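Data first, discussion second: the structure below is written as structure tokens.
Given the structure is predicted, the values throughout are model-derived calculations rather than measurements. Chain identifiers are assigned alphabetically (A, B, ...) following the order of the sequence lines, protein sequences preceding nucleic acid strands; residue numbering begins at 1 within each chain. As a basis for the values below, the full set of heavy atoms in this structure was taken, side chains included, without hydrogen atoms, waters or symmetry mates.
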Number of protein chains: 2
Amino acid sequence: MIDFEKLKTIYQIGKDLEAQDIYSLIKSAKNKTYAPSEYLIEEGTKRRDIFYLKKGLIRSFIVNEKGDEITMGLKWENHVVASPDIILHGQASRFYFQALEHTDVLLMDYDLLQNIISKNPKLEKSRKYIFQRMLKEAQERIESFVLYSPEERYIRYIESNPELINRVPNKYIANVLGITPVSLSRIRKRLATKK
Amino acid sequence: MIDFEKLKTIYQIGKDLEAQDIYSLIKSAKNKTYAPSEYLIEEGTKRRDIFYLKKGLIRSFIVNEKGDEITMGLKWENHVVASPDIILHGQASRFYFQALEHTDVLLMDYDLLQNIISKNPKLEKSRKYIFQRMLKEAQERIESFVLYSPEERYIRYIESNPELINRVPNKYIANVLGITPVSLSRIRKRLATKK
DNA sequence: ACTGCTTCTTATCTTTTGTTAACGTCTCTT
DNA sequence: AAGAGACGTTAACAAAAGATAAGAAGCAGT
């Protein structure tokens, strides 16, 4: 039976695909849904899943020595999500990936995906595109840490992601910016009184 | 005439290549040498060069509104160097890339390289490998900003790159860590007196 | 509607960082 | 050999951030 939902998503990810390529992907990808607070990936997992976010919001966090949860990243619609520990290092994930909203994903095994891509040259363009986009995001984030103060970082973050402030608790945003929630609260007050 | 130096380097980058692939790369790649303080890439450039560092040390920096040079990154042997503005954003480079030591590189046009890779499926493995390595590096750097204090960041940086401290002025390392040279000097003193 | 929990803010205090400037040391140049 | 720069350190002060705790506001669940 044809899963039109899935087909639509895959078609959006990899344009210019041939029927055979699309079929390969559909066969191995799975739709899945997560309720708020459910985990896509838990700490210690080695399952090499990679997720494409169709709808919803995911936070990744790590539990430090003190037992505090530190939010590393926030991802939403059209982002690709995977644990860098598993995919890039081949280790068990130190991170949790948790849905903050009702979240719809398309997921598949990373190695299987890479195999399919390697056997379907047309897909290489998509792989290159996704890697480049991830690198671009990472690069920009590093820049923000090196070049800007926490206050400037916050201004830039909400300016480039204005929808987020209504979807995510500030304490998570503080972590992403590399500061404490208390400090973010003070920054917000400074900015409010300046204007 | 055969350039054995070049051949050797290319062979190290892309293992399992066929003769035709190697020939494609050799034909388009160029060896180049830079003296200390020479620029590989200058601000404003759009030349889509990508460099493989055979020997030497490169710092990338940006000049901010105050006119200060902020060092964004340091790269040395076996790293791949390119301007993210040019390669990932298609814009003119905001960064300078400057040799700090006598530096030997293999360079080629990025688009040409991508073309060659696309036409030589065997090379896809190398592309994937390089992208993954760059992502891994970026990911780890972001982690260090989110999870650790400047002091911890410094300790980790010199522990994982012990050779660097003797090759690079501290003021550049301070920038890379997202702090001022004065602050790094204080951190170094704190660490020295602790022990 | 009430209770409990989470989030955000505010306050206080300590620690760290940024800023600016001065000083010693070292290197390179002339 | 003298002078100029570059680099690292130190000092002094202001500004910001971390840590901890307490209170207010909002939300969820019963």
Side-chain angles (χ1 to χ4, degrees), chain A residues 35-38 57 59 61 63-71 74 96 98-102 144-158 164-195, chain B residues 35-38 57 59 61 63-71 74 96 98-102 144-158 164-195:
Chain A
S37 88
E38 265 192 298
L57 186 58
R59 80 164 177 131
F61 67 91
V63 179
N64 66 13
E65 323 80 49
K66 299 176 197 160
D68 300 325
E69 295 180 358
I70 308 293
T71 298
L74 298 166
Y96 293 86
Q98 184 187 39
L100 293 186
E101 301 175 354
H102 178 100
S144 79
F145 281 112
V146 173
L147 298 178
Y148 304 115
S149 67
E151 180 170 322
E152 291 168 316
R153 224 145 58 218
Y154 174 67
I155 294 171
R156 284 166 184 272
Y157 191 74
I158 58 170
L164 261 200
I165 48 172
N166 301 316
R167 294 173 73 178
V168 181
N170 278 325
K171 60 173 186 170
Y172 297 151
I173 292 177
N175 284 165
V176 169
L177 297 174
I179 58 179
T180 62
V182 177
S183 191
L184 177 56
S185 185
R186 283 187 292 231
I187 287 172
R188 285 158 56 80
K189 179 163 196 183
R190 276 206 304 268
L191 293 175
T193 52
K194 267 181 190 171
K195 295 177 183 173
Chain B
S37 87
E38 264 192 297
L57 185 57
R59 78 162 178 134
F61 67 92
V63 179
N64 67 11
E65 323 80 48
K66 299 175 198 160
D68 300 325
E69 296 180 359
I70 309 293
T71 297
L74 298 167
Y96 294 84
Q98 183 185 40
L100 293 187
E101 302 175 352
H102 178 99
S144 80
F145 281 111
V146 173
L147 298 179
Y148 305 115
S149 67
E151 181 170 321
E152 291 167 316
R153 224 146 57 220
Y154 174 67
I155 294 171
R156 284 165 182 271
Y157 191 75
I158 58 169
L164 260 200
I165 48 172
N166 300 317
R167 293 172 74 178
V168 181
N170 279 325
K171 60 174 186 169
Y172 297 151
I173 292 177
N175 285 164
V176 169
L177 297 174
I179 58 178
T180 61
V182 177
S183 192
L184 176 57
S185 185
R186 284 187 290 230
I187 287 171
R188 286 160 53 80
K189 179 162 197 183
R190 276 206 304 268
L191 293 175
T193 52
K194 268 182 191 171
K195 295 176 184 175

Legend entry - Nucleotide D:dA17, atom P - distance to CZ of B:F145 in whole Å: 16 Å

Inset, instruction - Can you check each nucleotide of nucleotides 4-13 of chain C against protein heavy atoms at under 4.0 Å and return B for base, S for sugar-phosphate only, - for none, in 5' to 3' order? - result: ---SSBBBB-

Inset, instruction - Sort and list the pairs that fulfil side chain to side chain donor-acceptor pair (under 3.5 Å) and have at least one residue in residues 174-186 of chain A, not counting sequence neighbours. - result: none

Legend entry - Partner set under side-chain hydrogen bond (donor to acceptor under 3.5 Å, both in side chains) for B:R167, not counting sequence neighbours: B:E77, B:E101

Legend entry - Five-pair end axes of the helix from C:dA1-D:dT30 to C:dT30-D:dA1, angle between them (10°): 50°

Inset, instruction - Send over the distance from A:R153 CZ to D:dA16 P, rounded to a whole Å. - result: 14 Å

Inset, instruction - Report the distance from atom OH of B:Y148 to atom P of C:dT16, rounded to the nearest whole Å. - result: 19 Å

Report, one pair per line, the protein and nucleotides 25-30 of chain D atoms (nitrogen or oxygen only) whose separation is under 3.5 Å.
none

Legend entry - Straight-line distance of A:R156 CZ to A:L177 CG, nearest 0.5 Å: 12.5 Å

Inset, instruction - Before giving the answer on side-chain contact (heavy atoms from CB on, under 4.5 Å), spell out for B:V168 and B:T71 the whole-Å C-alpha distance, their side-chain angles and the decisive distance to 0.1 Å. - result: CA-CA 11 Å; B:V168 181; B:T71 297; over 6 Å; no

Legend entry - Atom pair distance, as rounded to whole Å: NZ in A:K66 and P in D:dG18: 11 Å

Inset, instruction - Could you check how far CD1 of B:I187 sits from P of D:dT10, rounded to whole Å? - result: 14 Å

Inset, instruction - Quick one: closest heavy-atom pair of B:Y154 and B:R188, and the distance? - result: OH-NH1, 3.0 Å

Legend entry - Euclidean distance, A:E65 CD relative to B:L147 CG, rounded to 0.5 Å: 8.5 Å

Inset, instruction - Return the value, rounded to whole Å, for the distance between atom CD1 of B:I70 and atom C1' of C:dT19. - result: 13 Å

Inset, instruction - Not counting sequence neighbours, which residues clear side-chain hydrogen bond (donor to acceptor under 3.5 Å, both in side chains) with A:E38? List them please. - result: none

Legend entry - Approximate separation, where rounding is to 0.5 Å, of A:I179 CD1 and A:E151 CD: 9.5 Å

Legend entry - B:Q98 side chain to B:R59 backbone, donor-acceptor under 3.5 Å: no

Inset, instruction - Starting at CG of A:L57, measure out to CG of A:L100 and round the result to the nearest 0.5 Å. - result: 5.0 Å

Legend entry - C:dG18 OP1/OP2 closer than 4.0 Å to side-chain N/O of B:T180: yes

Legend entry - Rounded distance in Å - CG (B:N166) to C1' (D:dG8): 15 Å

Legend entry - Whole angstrom value for the distance that separates P of D:dA17 from OH of A:Y154: 13 Å

Inset, instruction - Measure the spacing between CD1 of A:I155 and OG of A:S144 and express it to the nearest 0.5 Å. - result: 12.5 Å

